[in-house]
Trainee: 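Sharing a structure below in structure tokens format, with a few things to ask.
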Amino acid sequence: MGMDGWREIGKHSFTPLSLEETLLGGQSFVWTKKGSHQWRGVIGRSIVDLSLRNGRLSWRASLLHPFSEGELTKYLWIDGSYDAAIEEMPWRSDPVLRESLRAFSGLRILGQPFDETLFYFLLSSAKSISQIKSCGEAVALRYGEKLGFGIGSFPGWNRLCEVPEEELRKLKLGYRAKYVAGVADFLASRSGWLEETASLPYEKAKARLMEMPGVGQKIADCALLFGAGKLEAFPIDTWMDKSLERRYGLEGWSLSQKLTFARVHFGKFAGLAQQFLFSSERRGIFA
DNA sequence: CTCCAGGAGATAT
DNA sequence: ATATCTCCTGGA
């Protein structure tokens, strides 16, 4: 039930702000702040601690379910492809994006498990980050594997399929309980469907996800961006809607027009741009 | 008390 | 295609 020793990751480009925002800023709901420089999360069945002190990034994982440095650097997108993605974004001609990149330097899109990401974003409708987090944790603790430290793993859709909607409602999921039960049921009769979806090109994958109950454009884009590495996905929530209207002058544009603008303007890594703009809007750097 | 928060679905136009 | 209403819950 203990943790392995701390190890340092030599090369990274996180700042305290961008690491905090990456872990807690709304793309993931499995991280908790343990101290001013320390965070604890669950990745799959492994519990992982991260520490960022004086620019040094260190980590340790649970002994029960070990985690490798390779898995972690992949999860945190710590490799050259991140810098290449930043370079490809249109910040040279876009002062809003440029300012945002400066403010949240090092901000990443995490490489989270697809099935779990879909689950968490199914809960996200009209809920705040802390509510999504506590609902998800409650489900994980009750139906997932108990990992110690008061943490449970994502139970998986197979297990969730056995859980009646009423039980999920008792865990405060509200009307989202129907969506979770519906998706579990949908997947139960389609072995390998989710994995296959993740491997399809973005547009195709998005259309398939939207066949499921409770999955519209926004949640499909979130699941694909944060859980399947589809970096061109550009989820538009109320914050992004505001951002596009205020910072890019798109007042009066329809949602689909905004999405088209974003995908054309921000390009191949639109989802990464989205995360910078989202954080900027939410944390009010333009205010 | 009312209102709304990181939405989707059904219905009406 | 776009607009409005409802669906749960917790917090302002």
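Reminder, nothing fancy here: chain letters follow the sequence lines and each chain counts from 1.
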Trainee: What about A:Phe67 and A:Tyr75, are their ring centers closer than 6.0 Å?
Mentor: no

Trainee: Looking only at the side chains, is there a donor atom on one of A:Trp239 and A:Ser243 sitting less than 3.5 Å from an acceptor on the other?
Mentor: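 Absent: no donor and acceptor within the cut-off.
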
Trainee: Want to settle it: does A:Met212 or A:Phe278 sit nearer the 5' end of DNA chain B, counting the closest nucleotide to each?
Mentor: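 Taking each residue's closest nucleotide, the earlier one in sequence belongs to A:Phe278.
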
Trainee: Classify the nucleic acid contact of A:Pro213 as base, sugar-phosphate or nothing, counting any heavy atom under 4.0 Å across all strands shown.
Mentor: sugar-phosphate

Trainee: Once you apply a heavy-atom cut-off of 4.0 Å, does A:Gly26 come out as touching a base, just sugar-phosphate, or nothing?
Mentor: base

Trainee: Produce a footprint string for nucleotides 7-12 of chain C: one letter per nucleotide, 5' end first; B if the base is under 4.0 Å from any protein heavy atom, S if only the sugar-phosphate is, - if neither.
Mentor: BBSS--

Trainee: What distance, rounded to whole Å, do you find between the two C1' atoms, one in C:dG10 and one in B:dG9?
Mentor: 23 Å

Trainee: Could you check whether the rings of A:Phe154 and A:Phe119 sit parallel, tilted or perpendicular, using 30° and 60° as the cut-offs?
Mentor: tilted

Trainee: Expressed as a whole number of Å, how far does the C1' atom of C:dG11 sit from that of B:dA8?
Mentor: 23 Å

Trainee: Using the P atom as the reference point in each nucleotide, state the distance between B:dT2 and C:dT6 in Å, no decimals.
Mentor: 14 Å

Trainee: Roughly how many Å is it from CG in A:Leu255 to C1' in B:dA8, rounded to a whole number?
Mentor: 13 Å

Trainee: For B:dA5, which nucleotide is its Watson-Crick or G-U wobble mate, given both distances must be under 3.5 Å?
Mentor: C:dT9

Trainee: For A:Ile132 and B:dA8, what is the distance between atoms CD1 and P respectively, to the nearest whole Å?
Mentor: 12 Å

Trainee: Within 45° of the ring axis of A:Phe104 and under 6.0 Å from its six-membered ring centre, is that where the NZ or CZ of A:Arg102 lies?
Mentor: no

Trainee: Base, sugar-phosphate, or nothing for A:Met210, non-hydrogen atoms under 4.0 angstrom?
Mentor: nothing

Trainee: Could you check how far CG of A:Leu225 sits from P of B:dG6, rounded to whole Å?
Mentor: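 Spelled out: CG on A:Leu225 to P on B:dG6 is 18 Å.
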
Trainee: Please report the distance, rounded to the nearest Å, between CD in A:Gln217 and C1' in B:dG9.
Mentor: 14 Å

Trainee: To the nearest Å, give me how far apart NZ (A:Lys258) and P (B:dG7) are.
Mentor: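 My rounded result for the distance is 14 Å.
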
Trainee: Think A:Arg40 forms a cation-pi with A:Phe149, using NZ or CZ under 6.0 Å from the six-ring centre and within 45 degrees of its axis?
Mentor: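 Cation-pi check for A:Arg40 and A:Phe149: passes.
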
Trainee: Under 4.0 angstrom, heavy atoms only, what part of the nucleic acid is A:Ile219 near: base, sugar-phosphate, or nothing?
Mentor: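 Counting heavy atoms under 4.0 Å across all strands, the contact made by A:Ile219 is with sugar-phosphate only.
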
Trainee: Please report, rounded to the nearest Å, how far the C1' atom of B:dG6 is from the CD atom of A:Gln274.
Mentor: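 One finds 10 Å between C1' of B:dG6 and CD of A:Gln274, rounded.
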
Trainee: May I ask you to decide whether A:Lys204 forms a salt bridge with A:Glu196, counting only side-chain N to carboxylate O separations under 4.0 Å?
Mentor: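 No salt bridge links A:Lys204 with A:Glu196.
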
Trainee: Taking CZ from A:Phe119 and P from B:dG7, how many angstroms apart are they, rounded to a whole number?
Mentor: 17 Å

Trainee: Check whether the ring centres of A:Phe276 and A:Phe269 lie less than 6.0 Å apart, and answer yes or no.
Mentor: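 No: the rings miss the under 6.0 Å criterion.
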
Trainee: When all nucleic acid strands are considered with a 4.0 Å heavy-atom cut-off, which category describes A:Gly182: base, sugar-phosphate, or nothing?
Mentor: nothing

Trainee: Under 3.5 Å, is there a donor on one side chain and an acceptor on the other for A:Asp94 and A:His265?
Mentor: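 Side-chain D/A pair, A:Asp94 to A:His265: present.
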
Trainee: What is the distance, to the nearest angstrom, from the NZ atom on A:Lys242 to the C1' atom on B:dG6?
Mentor: 10 Å

